[in-house]
2 protein chains.
Amino acid sequence: MADHRQRRKPGETREKLMNAALELVGKGRHFASLGIREVTRQAGVVPTSFYRHFRNMDDLGLQLVDELGLVLRRMMREARGNVLQADKLIEESVGIFISHALANRNFFLFMAQGLAGESRAVQEGIRSEMRFFASELANDLRRLRLAEHLSDKDLDVTCDLVVRTVAFSLTDLLGVSVDDDYQVDQIRKRTTHFLQLIFVGAANWQSAK
Amino acid sequence: MADHRQRRKPGETREKLMNAALELVGKGRHFASLGIREVTRQAGVVPTSFYRHFRNMDDLGLQLVDELGLVLRRMMREARGNVLQADKLIEESVGIFISHALANRNFFLFMAQGLAGESRAVQEGIRSEMRFFASELANDLRRLRLAEHLSDKDLDVTCDLVVRTVAFSLTDLLGVSVDDDYQVDQIRKRTTHFLQLIFVGAANWQSAK
DNA sequence: TGCTCTTGTGTACAGTTGTTCACTAATGTG
DNA sequence: CACATTAGTGAACAACTGTACACAAGAGCA
């Protein structure tokens with residue numbers, strides 16, 4: 001029998017496995033219900049290869065969270081680069097978020113699943129990414145002098161709420177078909193509305209106490 | 001061999017199976033990863049019995065969503081009965097929510113999981129419960145004359161945001177141990193803060209447009 | 001009472017699962 | 001170049017999976 005061994009680049013199979021898991025998630029499966037054999041089958045790799053790169057499915061999940069972090073940071077960088085004037089800040093940011101979510105659909109699906117997922121470690125990882133995101137947002141708002149009347153704690157809570165709201169919109173967004181422009185636009189408008197509501201609340205916070 | 005058949009009440013095994021699924025979820029498993037045999041084992045019932053009541057696991061999930069609806073309605077009724085004065089409305093409501101979430105921990109875990117779960121039907125069912133909840137909230141706010149300056153659409157968006165925010169807090173709440181009073185109280189305070197922020201936003205909405 | 005319908009049981013089976021093992025080709029390091 | 005390490009393969013196995021079937025005990029109704 002011919003042996004079809006051909007290792008091209010180091011870590012290639014590893015990527016194939018991680019992509020395979022994401023693809024299955026993209027097809028509507030839940031990460032928690034995926035099995036090793038299933039993933040290797042989708043990746044076109046023999047089951048035993050799995051163990052060369054991951055100890056189990058939880059391990060793979062954790063490594064996916066790490067990559068998710070990169071995706072989120074890319075998104076943040078683009079958002080920062082595109083903030084032109086403050087009054088369009090929300091619309092622009094929501095737009096960037098949505099386009100990234102659609103472009104990296106499977107990653108964000110994985111994120112949405114992981115928030116209430118099976119592995120505590122994955123859950124904590126995603127949560128930690130969200131915290132980081134919120135703190136970066138707080139920094140930006142301070143830097144842009146948009147939150148000078150808020151205490152550190154109040155700003156922290158506000159940013160946390162913003163991030164949660166956007167994360168929840170993920171669940172809406174990923175439920176509709178990618179090219180259903182109308183629905184996507186509805187979600188964009190609604191999310192924008194949410195954030196405006198929150199920022200109006202933050203702007204009038206001091207006087208309300 | 002003795003035959004231990006003893007059917008006490010109609011639908012008893014059905015309940016046992018649904019409870020078994022919830023118990024497994026409560027133990028940290030994800031609903032999507034549960035199998036028929038596993039659930040029947042936990043319920044102390046033979047695997048074949050499952051098919052007398054459900055066609056498959058998705059079917060069981062759907063019926064759990066129906067029961068979840070009852071739990072939510074009970075919670076709403078209690079919240080309505082305990083609204084004394086408007087200024088403590090948020091604190092009281094959050095308190096009632098948290099105590100219900102802790103008392104029906106497994107149900108709410110199932111709900112949090114189902115939002116990004118595997119079965120589209122379960123997902124839609126939970127989403128529908130949330131919409132209903134939001135519309136009831138809108139009715140109450142109108143009735144209490146707390147939202148007279150808001151258009152129907154703006155009130156709708158506000159209530160949606162409130163429900164989402166509370167639902168997201170579920171994920172925090174269910175991640176901590178039930179008797180970690182300190183953490184639970186932190187979550188209570190933070191959720192209250194979120195809602196206050198949103199309502200301040202709603203109160204100042206008109207002037208901001 | 002006898003009848004039918006519902007619900008629970010035991011057995012069975014083919015397919016799938018996670019994991020171990022010994023083997024081999026390619027890679028990087030000296 | 002030789003050599004140790006890494007990354008891939010296929011066969012094997014016991015355990016578990018979903019589902020089908022035939023059967024029996026009890027419930028409800030005539």
Side-chain angles (χ1 to χ4, degrees), chain A residues 1-25 27-64 66-67 117-122, chain B residues 1-21 23-25 27-64 66-67 117-119 121-122:
Chain A
M1 284 302 165
D3 213 342
H4 291 237
R5 221 154 320 186
Q6 38 184 355
R7 193 178 30 164
R8 312 213 174 146
K9 289 178 183 175
E12 195 200 23
T13 308
R14 205 183 91 108
E15 276 192 25
K16 274 205 274 189
L17 287 169
M18 293 172 79
N19 279 331
L22 287 181
E23 285 162 21
L24 288 169
V25 165
K27 283 184 189 171
R29 304 290 315 278
H30 194 290
F31 185 80
S33 78
L34 298 182
I36 290 178
R37 277 191 121 100
E38 193 179 5
V39 171
T40 55
R41 201 182 308 129
Q42 170 80 20
V45 163
V46 97
T48 15
S49 277
F50 184 90
Y51 296 97
R52 299 289 180 198
H53 303 279
F54 312 100
R55 280 195 280 109
N56 47 44
M57 282 301 286
D58 274 12
D59 189 19
L60 193 155
L62 278 179
Q63 307 208 30
L64 277 178
D66 289 345
E67 276 210 34
E118 188 159 79
S119 157
R120 191 57 68 103
V122 167
Chain B
M1 289 299 164
D3 212 341
H4 291 236
R5 218 155 323 186
Q6 39 183 353
R7 191 178 30 163
R8 312 214 172 145
K9 289 177 184 175
E12 196 200 21
T13 308
R14 206 184 91 109
E15 277 192 25
K16 274 205 275 189
L17 288 169
M18 293 172 79
N19 279 331
E23 284 163 21
L24 288 169
V25 165
K27 284 184 188 172
R29 303 290 314 279
H30 194 289
F31 184 80
S33 78
L34 298 182
I36 288 177
R37 279 190 119 102
E38 193 178 7
V39 171
T40 56
R41 200 182 309 129
Q42 170 80 19
V45 162
V46 98
T48 14
S49 277
F50 184 91
Y51 296 98
R52 299 290 181 195
H53 304 278
F54 312 100
R55 280 194 282 111
N56 47 43
M57 282 301 289
D58 274 11
D59 189 21
L60 194 156
L62 278 179
Q63 307 208 27
L64 277 179
D66 289 345
E67 276 210 34
E118 187 158 81
S119 156
V122 167

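Below, chain A is the first sequence line, B the second, and so on; all start at residue 1.
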As a quick check of understanding, evaluate side-chain contact (heavy atoms from CB on, under 4.5 Å) for A:Phe50 and A:Asp59, giving each step before the final call.
CA-CA 11 Å; A:Phe50 184 90; A:Asp59 189 19; over 6 Å; no

Pairing nucleotide - D:dA2, Watson-Crick or G-U, each distance under 3.5 Å
C:dT29

What is the separation between atom CG on B:Leu17 and atom C1' on D:dG18, rounded to the nearest whole Å?
15 Å

Can you tell if the side chain of B:Tyr51 reaches within under 4.5 Å of the side chain of B:Ile36, non-hydrogen atoms only?
yes

Return the value, rounded to whole Å, for the distance between atom CD of B:Glu15 and atom C1' of C:dT7.
15 Å

Atom pair distance, as rounded to whole Å: CZ in B:Arg14 and P in C:dG8:
11 Å

Numerically ordered, the residues 36-50 of chain A set in heavy-atom contact under 4.0 Å with DNA chain C is A:Ile36, A:Arg37, A:Arg41, A:Thr48

On DNA chain D, nearest-nucleotide positions of B:Met57 versus B:Arg52: which is more 5'?
B:Met57

Hey, does the side chain of B:His53 come within less than 4.0 Å of C:dT6's phosphate (OP1/OP2), counting only N and O?
no

Find the distance B:Arg55:CZ to D:dG18:P and express it as a whole number of Å.
16 Å

Answer yes or no: does a side-chain N or O of A:Tyr51 lie under 4.0 Å from OP1 or OP2 of C:dT19?
yes

Can you give me the closest heavy-atom contact between A:Val122 and A:Gly61, atom names plus distance?
CG2-C, 3.8 Å

Side chains of A:Gln63 and A:Arg14, heavy atoms from C-beta outward: is any pair under 4.5 Å?
yes

When you compare the side chain of A:Arg29 with that of A:Gln42, does any pair of heavy atoms fall below 4.5 Å?
no

Partner nucleotide, any strand, of C:dT6 [Watson-Crick/G-U, under 3.5 Å]
D:dA25

So, does A:Glu118 use its side chain to make a donor-acceptor pair with the main chain of B:His30 at under 3.5 Å?
yes

